[in-house]
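Here's the structure, in structure tokens; my notes come after.
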Amino acid sequence: MAVTTRVEPPKPLPDARPARTRRRPHPKYVYGTVAVVVALAVWEVLALLRVRPAIVLPGPGDVITAFENLFSTSAIWTDLLTSGRELLLGLVFAAVVGLPIGMLIGWYRKLSWILSPFVSFLYATPRIALTPLLIIWLGIGDSSKIMIVFLMAVFPILINAASGVQNLDPAVLRVAKCFGGTDLQIFRTIALPGTVPFIVSGLRLAVGQALIGVFVAELSGAQAGVGMLMNNAGQQFQTSVVFAGLFIFALTGVTLNALLQRVERHFDSWRNPSD
């Protein structure tokens with residue numbers, strides 16, 4: 001009688017690991033990058049063909065050269081620090097003032113009735129037109145410039161915070177009150193978390209308005225700043241320097257908005273609880 005032996009299949013080594021799948025970039029980043037590259041290429045071709053003189057339409061290479069010249073001196077750091085300080089302080093003051101007032105307006109109906117005429121009047125008024133008054137009241141120093149940035153940024157934050165509170169689900173609020181929740185408890189546990197997406201959206205809008213405020217404020221008697229740099233370059237027909245300053249403002253806005261988008265995605269579960 002023949003004896004058959006069973007051959008066991010070889011076992012995988014204990015330290016064998018599955019091959020890692022290579023993550024592909026999201027299509028939106030691919031399309032966005034391609035669009036930017038194509039736009040820059042078209043811009044460079046138009047500049048090389050000299051469709052318009054370089055003093056009117058410099059190319060990307062001219063702007064890069066302007067950047068190199070700017071950052072080869074120490075004056076640009078003074079301009080960046082000045083504009084950055086005005087932007088940061090204006091945004092911080094706008095958030096500190098706009099968030100609580102907006103949430104109180106959204107929470108208390110009578111307070112909304114009292115403050116709505118003033119908010120509507122100031123929001124409809126072009127705040128840039130208040131620049132001469134602010135310079136008269138506060139001088140040509142940093143105070144007037146920070147106040148201009150504050151006025152430009154505070155209303156998107158305030159209005160979005162109020163809208164966030166007013167758009168809370170009334171049924172949820174009634175249930176919380178039926179279970180004995182006080183106004184402070186409901187505000188802290190329901191209203192504040194539910195309003196965060198609106199607050200972040202208001203901050204994103206405020207960033208763009210604040211950058212406009214920085215530029216406009218530095219056109220009026222500033223001694224340093226990126227806006228002043230662009231104004232002086234424009235008066236001297238240094239168009240490539242104007243483009244360089246424009247890109248500094250644009251990159252600042254894109255960076256701050258990207259950071260706020262990350263915060264907004266973090267709180268998306270409160271906006272879409274069914275996901």
Side-chain angles (χ1 to χ4, degrees), residues 86-130 134 146-214 216 252-275:
E86 294 166 357
L87 177 65
L88 179 62
L89 291 177
L91 280 174
V92 169
F93 291 153
V96 169
V97 173
L99 286 178
I101 293 179
M103 298 191 76
L104 289 173
I105 288 176
W107 190 255
Y108 296 105
R109 183 176 299 178
K110 292 182 180 179
L111 183 63
S112 174
W113 294 342
I114 294 171
L115 295 181
S116 286
F118 300 100
V119 173
S120 299
F121 174 79
L122 290 173
Y123 184 67
T125 302
R127 274 89 67 197
I128 294 175
L130 300 175
L134 293 174
I146 293 171
M147 182 58 66
I148 293 171
V149 177
F150 165 81
L151 288 175
M152 294 295 294
V154 69
F155 289 100
I157 298 174
L158 188 153
I159 292 172
N160 272 270
S163 299
V165 176
Q166 292 168 352
N167 280 279
L168 293 172
D169 191 347
V172 175
L173 299 178
R174 284 196 297 269
V175 170
K177 290 180 180 179
C178 290
F179 278 95
T182 63
D183 278 355
L184 181 59
Q185 290 174 331
I186 297 173
F187 185 83
R188 180 168 49 84
T189 59
I190 297 176
L192 185 58
T195 312
V196 167
F198 289 87
I199 292 173
V200 176
S201 297
L203 288 171
R204 290 179 58 191
L205 293 173
V207 166
Q209 294 296 311
L211 287 169
I212 296 174
V214 171
V216 172
T252 302
V254 169
T255 302
L256 292 177
N257 269 288
L259 293 174
L260 289 171
Q261 277 182 330
R262 292 180 66 89
V263 175
E264 191 173 21
R265 284 196 297 267
H266 178 72
F267 293 106
D268 262 351
S269 57
W270 284 338
R271 195 201 306 239
N272 302 311
S274 60
D275 291 345

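For the atom pair CG (Leu111) and CG (Leu104), the distance works out to 6.0 Å, reported to the nearest 0.5 Å. Distance check: Leu99 CG to Thr195 OG1 gives 10.0 Å after rounding to the nearest 0.5 Å. For the atom pair CZ (Phe198) and CD (Gln166), the distance works out to 10.0 Å, reported to the nearest 0.5 Å. Distance check, rounded to the nearest 0.5 Å: CD1 of Ile199 to CG of Leu260 gives 12.0 Å.
Within the 4.5 Å cutoff, side-chain heavy atoms of Leu203 are placed close to those of Ile157. Put simply, the side chain of Leu151 reaches to within 4.5 Å of the side chain of Leu134, judged on heavy atoms. Looking at Ile101 and Val119, their side chains never come closer than 4.5 Å, going by heavy atoms from C-beta outward. For the pair Ile212/Ile128, a side-chain contact is recorded, criterion being any heavy-atom separation below 4.5 Å from C-beta on. Side-chain contact between Leu205 and Ser201 is absent, with no heavy-atom pair separated by less than 4.5 Å. A 4.5 Å side-chain heavy-atom check between Tyr123 and Leu158 finds every atom pair outside the cut-off. Side-chain contact check for Phe155 versus Arg127: some heavy-atom pair is nearer than 4.5 Å.
Of all heavy-atom pairs spanning Leu91 and Ala210, the tightest one is CD2-CB, 3.7 Å. Contact record, Val149 with Gly90: CG1-CA, 3.8 Å, taken as the closest heavy-atom pair. Residue Asn167 comes nearest to Ser163 through the heavy atom pair ND2-O, 2.5 Å, listed as atom of the first residue, atom of the second, then distance. Of all the heavy atoms in Ala153 and Ala206, the pair that sits closest is O-CB, 3.4 Å.
Legend: residues meeting side chain to side chain contact (heavy atoms under 4.5 Å, CB included) with Ser120, ordered by chain and number and at least two apart, are absent.
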Item to check | side chain to side chain contact (heavy atoms under 4.5 Å, CB included) assessment of Val214 paired with Met152 | outcome: CA-CA 9 Å; Val214 171; Met152 294 295 294; over 6 Å; no
